[in-house]
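The structure appears below as structure tokens.
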Protein chains: 2
Amino acid sequence: MTEGPDIARIAALVADPARSSMLLALMDGRALTATELSSLAGVTKQTASSHLAKLVDGEVLQMEAQGRHRYFRLAGAHVAALIEALMVFTSDAAAPVRTGPREPALRKARVCYDHLAGEMGVALYDRARDAGWLADDLGVTDKGWSKFSAIGVTPDSLPRSNRPQCRACLDWSQRRHHLAGMIGKATLDRLFALSWARRLPASRVVAFTPEGERRFREWIG
Amino acid sequence: MTEGPDIARIAALVADPARSSMLLALMDGRALTATELSSLAGVTKQTASSHLAKLVDGEVLQMEAQGRHRYFRLAGAHVAALIEALMVFTSDAAAPVRTGPREPALRKARVCYDHLAGEMGVALYDRARDAGWLADDLGVTDKGWSKFSAIGVTPDSLPRSNRPQCRACLDWSQRRHHLAGMIGKATLDRLFALSWARRLPASRVVAFTPEGERRFREWIG
DNA sequence: CCGATGGTTCGGTTATCATCGAACCATGAC
DNA sequence: GTCATGGTTCGATGATAACCGAACCATCGG
């Protein structure tokens, strides 16, 4: 009866329906206030407060106080990865029966925490590996930097952080990997800045403009 | 209050200490009997039976009856991925404080579900991507097949299944990817068959012989 | 047929925890 | 100062579920 890592503790934090709703709502990387989260989860402020305290205590969420508001966001990309790992199950159960695109727009391009997921995200990741933008250890190569610079993602523009420069994140709808880490975030930021795409309100959908999609595909080659 | 995917249901299955112990015990990919699991989890047979029924019902475990024994194994590689995603948390909490190699042998080479993980597993994956054994979509190339054939992993030797031929699995200790999927399993099987390595009893450690490690490194180039 | 062993089913007990009402604290607007 | 709003604390309630004892079913070995 070897006492392994305390998997159960973290799992229990996600196991409550109210808490899991909150986590899903935060998957787009925004920071929401306690009351917003309470109404999203369908519970009162008191209950939400209790839940949020547990999530922060368990280091699943980060809290930032601004004035009389408290903003909550996911504690990091590893939390987003965990949630997506859980979502794989629900898509599994449904896939053999109805592979139908329940949310076509969501499958095509969506925000995963702070980077691009869905078909477009997977295409970017595949291309980056294929064309040698990334090394084996997922470090960005010289060739990669020249490519990323073309849309305004330069080494200098990345904030100093101990967060991995580049990570691969398993995609829920595609069952493949997409580009995560700081490079993933910076790239998505640039897509918005360049107006190639915009985020639909109250949704994780990333909507490309026709022109934007054309130039994106042209960019990745 | 959008009803998202039922994350909480799966998380709840992992959230119980007894059940999480069982899942951790099954991470090496073996199939264990109900009583073995009950003693590992520190509960009686009755409670274990109840837990196992829930896990099978939730499609987290698969059950196979052999005579009067019931063998349980993880339902797939996505379950292993989920568990590793949870382990990232516990290692996270500890890493900044003591990066020390708590279990050096475990970090070097271990079994993850049914394939090779740890430094050696990551080295294999990196080399496979680097040297073009795998295509962008992680399909095995002609070049790859000739390499894998050299240690006895041929297309014919792989069982027909809808399981992905090759997958990348995020490594808990290395925070990098290692080779998973059917190719990953077949490769590990061959390492044992060739006596390049053996599995330490009652542990997930994969112990290479000196000769075995030499030939493994020579093989991957 | 008879024990022995592996697993399950059933009932009852216990403990944990999500939930909300109500009261309370803190910030900001006026 | 007063009032409104965002959040937390406290206590009580209720539901869920883990747990075990005991009885039961199924398979294997003789």
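Not measured: the values here are computed from a predicted model. In what follows, chains are A, B, ... by sequence order, proteins preceding strands, each numbered from 1.
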- How many Å lie between CG on A:Leu55 and P on C:dC17, as a whole number? 14 Å

- Message: Does any part of the side chain of A:Ile7, heavy atoms only, come nearer than 4.5 Å to the side chain of B:Leu24, both counted from C-beta?
- Response: yes

- Message: Strictly distance-based, threshold 3.5 Å: is any side-chain N or O of A:Thr47 a donor or acceptor partner for the main-chain N or O of A:Val43?
- Response: no

- Which class fits the ring pair A:His115 and A:His178: parallel under 30°, tilted 30 to 60°, perpendicular over 60°? tilted

- So, A:Ser157 side chain and A:Val153 main chain: donor-acceptor pair closer than 3.5 Å or not? no

- How would nucleotides 1-17 of chain D be written as a contact map, 5' to 3', with B for base contact, S for sugar-phosphate-only contact and - for no contact, using protein heavy atoms under 4.0 Å? ---BBSBBB--------

- Query: Is the backbone N or O of A:Arg110 less than 3.5 Å from a side-chain atom of A:Arg204, with the two atoms forming a donor-acceptor pair by type?
  - Reply: no

- Task: Output yes when at least one side-chain N/O atom of A:Thr47 is less than 4.0 Å from OP1 or OP2 of C:dA18, else no.
- Result: no

- How close or far is atom C1' of D:dC19 from atom CE of B:Met22, stated in whole angstroms? 12 Å

